[in-house]
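Presented below is the structure to which this report refers.
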Amino acid sequence: MFFPPILISCGYGIQLTRWLSLHTNAGSPMEETEKSQKGMVTIYSVMGCPHCRQAKSRLLELGLPLREVDTNQHAELWLRVKQLTGRSTVPQIFFNSVHVGGNDDLQTMAPEKLEHLVHLVREEPMPPDAPPLPVEAHLEGGGNQDGAAELSEILRNMMLRLYSDHLSADGKTVDYKAMSQSPSFERYCELAVQLQRLDLQVLSRAEKLAFFINIYNALVIHGNLRLGAPKNPWQRYRFFNYVSYLIGGEVFTLQDIENGVLRGNKKGVAQLLKPFSKSDPRLQVALPQAEPLIHFALNCGAKGCPPIKTYTPKDIDSQLHIAAEAFLEEDDACRVDADKGEVKLSQVFKWYRGDFGDTDEKVLNWIVNHMSDSPKKSCLQALLKAGKFRVSYMPYDWSPNSKD
């Protein structure tokens, strides 16, 4: 049975509009409920990140001045924070200059230690060795907004802001119904229409990566808003093979973007044929070969996916490496049991094994080369050196993060 592509859009012929206000709050103070307090809590976060939302809610309960820095908008600053903390995951939290760690560290902190840190912020001003902050808040998205990279970044930032605004306080669920009724979503739809006017042939490799990653992630959320989240394998198959945007005069489904463009026209999961035939004009847009790092940037809307963020053409490879490091730090991605000689991996490494290597040893070596320094990395290196290991794969959490 044939199902035509489900074009996700709304409205036609609407002029490109600047909606910079939807993505300008990076680095601005979030809360200053007690201006008499001398210090500040700084949280490095990403819009729409459940762990960031949980940490922020806890910090606001404490009634302390809070400065939130969006790492998407300040990539160079985030590299400095990563070097300072030795961590690639968000959030990262500082009480004045004291690094607390991430959300789990905050939530499980001993009461007496938390009380000490709260007192520190209330009584002591920010010291010279405080964590780095943006020099000033600034608007993103200036310049030629008719360009593909710029438009995809604006669209993704708008969708991220919508996502963040409708994320529950505990960061676990999203109110998609309320999001779909938001005026901001209507504005997003107006801009999405402009995708059909773009010239994709002029994009560089870096621009293609940033553009199609951003558009994929935005299209997943857009599809969930219009059609609802897929709940079983058949619905997921239809969703990823038929939900699409009209881009540059051609229809691109989610599968087309992931496997056709970003994986160099390789077969996807449960696909018998390559996405693009030799005569398909979309083949000209595809990368010459698969880019394994995109698997840690694409978010399919399930709880098992990597966190969402926005990518820019500048230093795109560095951004993707950071995303891979952050993903591999999580136990849902990689677990190493040195005593049993067992390595448990995310299903991503099974589904797309060919992108990482054709043997277990090559896959594990790829993972080691993309891990940040940690005890987990050291254990994995020791297992590889000994040549005694067993690889298995953990169940993937396909459950949607919708409120209902």
Side-chain angles (χ1 to χ4, degrees), residues 4-20 22-23 72 139-160 187-223 240-266 268 274-291 293-294 297-298 309-317 319-320:
I6 304 170
L7 286 171
I8 303 296
S9 187
C10 38
Y12 292 92
I14 301 173
Q15 296 298 316
L16 183 61
T17 307
R18 299 184 66 179
W19 293 106
L20 300 179
L22 291 173
H23 47 94
N72 281 337
L139 297 181
E140 299 285 339
N144 178 17
Q145 293 187 356
D146 290 324
E150 291 84 355
L151 178 56
S152 75
E153 185 178 350
I154 292 171
L155 287 170
R156 187 63 190 137
N157 279 329
M158 291 176 71
M159 190 60 85
L160 272 173
R187 297 167 191 156
Y188 172 88
C189 293
E190 294 171 1
L191 279 180
V193 173
Q194 304 301 321
L195 290 169
Q196 61 186 302
R197 303 180 181 179
L198 298 178
D199 182 3
L200 300 178
Q201 301 297 328
V202 300
L203 296 183
S204 66
R205 172 186 172 276
E207 289 170 332
K208 284 180 184 178
L209 281 169
F211 173 80
F212 280 104
I213 289 171
N214 290 336
I215 290 302
Y216 179 99
N217 289 337
L219 179 55
V220 167
I221 297 178
H222 200 162
F240 290 102
N241 281 280
Y242 299 103
V243 168
S244 59
Y245 275 149
L246 182 62
I247 308 174
E250 300 289 342
V251 173
F252 286 85
T253 67
L254 290 165
Q255 286 278 25
D256 292 336
I257 293 173
E258 179 179 10
N259 299 305
V261 177
L262 298 175
R263 296 187 62 236
N265 199 35
K266 297 181 70 174
K274 294 180 178 180
F276 307 145
S277 67
K278 293 182 179 180
S279 60
D280 193 321
R282 296 173 298 175
L283 184 59
Q284 301 176 34
V285 182
L287 294 177
Q289 59 188 14
E291 173 49 72
L293 292 171
I294 60 104
L298 300 180
K309 62 180 295 185
T310 303
Y311 293 85
T312 58
K314 182 181 179 182
D315 298 325
I316 183 65
D317 290 302
Q319 296 171 55
L320 292 174

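The figures that follow rest on heavy atoms only: side chains count, while hydrogens, waters and symmetry mates do not.
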Side chain to side chain contact (heavy atoms under 4.5 Å, CB included) between E291 and R205, worked out: CA-CA 11 Å; E291 173 49 72; R205 172 186 172 276; 3.1 Å; yes
Is [X] reaching over with its side chain to a backbone N or O of [Y], donor-acceptor style, under 3.5 angstrom?
X	Y	answer
N265	G260	no
E258	Q255	no
N217	A297	yes

Those residues that, when tested against K208, pass salt bridge (charged side-chain N to carboxylate O under 4.0 Å, His left out) (two or more places apart):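 Listed in chain order: nothing, the list is empty.
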Partners passing salt bridge (charged side-chain N to carboxylate O under 4.0 Å, His left out) against D315 (at least two apart in sequence or in another chain):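 D315 satisfies salt bridge (charged side-chain N to carboxylate O under 4.0 Å, His left out) with no other residue.
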Q201: partners by side-chain contact (heavy atoms from CB on, under 4.5 Å), with sequence neighbours left out: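 Residues passing side-chain contact (heavy atoms from CB on, under 4.5 Å) with Q201: D199, Q284, V285.
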For S277, all residues meeting side-chain contact (heavy atoms from CB on, under 4.5 Å), sequence neighbours excluded: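 Testing S277 for side-chain contact (heavy atoms from CB on, under 4.5 Å), a comparison that skips the adjacent residues, returns S279, D280.
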Closest non-hydrogen atom pair between R263 and G268, with its separation: NH1-CA, 4.1 Å
Over all atoms of both residues, closest heavy-atom pair of P313 and A206: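 Reported closest heavy-atom pair: O-CB, 3.6 Å.
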Nearest 0.5 Å, please: how far is [atom2] in [Y] from [atom1] in [X]?
X	Y	atom1	atom2	result
L155	R187	CG	CZ	14.5 Å
L209	Y311	CG	OH	11.0 Å
K314	Q319	NZ	CD	10.0 Å
N214	T312	CG	OG1	8.5 Å
I215	L195	CD1	CG	4.5 Å
Y245	H222	OH	NE2	5.0 Å

Aromatic plane relationship, F212 with F252 - under 30° parallel, 30 to 60° tilted, over 60° perpendicular: tilted
Side chain to side chain contact (heavy atoms under 4.5 Å, CB included) between Y216 and I294, worked out: CA-CA 11 Å; Y216 179 99; I294 60 104; over 6 Å; no
Worked check of side chain to side chain contact (heavy atoms under 4.5 Å, CB included) between I257 and L298: CA-CA 10 Å; I257 293 173; L298 300 180; 5.8 Å; no
Side chain to side chain contact (heavy atoms under 4.5 Å, CB included) between L254 and Y242, worked out: CA-CA 7 Å; L254 290 165; Y242 299 103; over 6 Å; no
Residues in side-chain hydrogen bond (donor to acceptor under 3.5 Å, both in side chains) contact with D256, at least two apart in sequence or another chain: T253, R282
Set of residues satisfying side-chain hydrogen bond (donor to acceptor under 3.5 Å, both in side chains) with respect to K266, sequence neighbours excluded: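 Residues passing side-chain hydrogen bond (donor to acceptor under 3.5 Å, both in side chains) with K266: D355.
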Non-hydrogen side-chain atoms of L203 and L198 separated by less than 4.5 Å: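 Side-chain contact under 4.5 Å: no.
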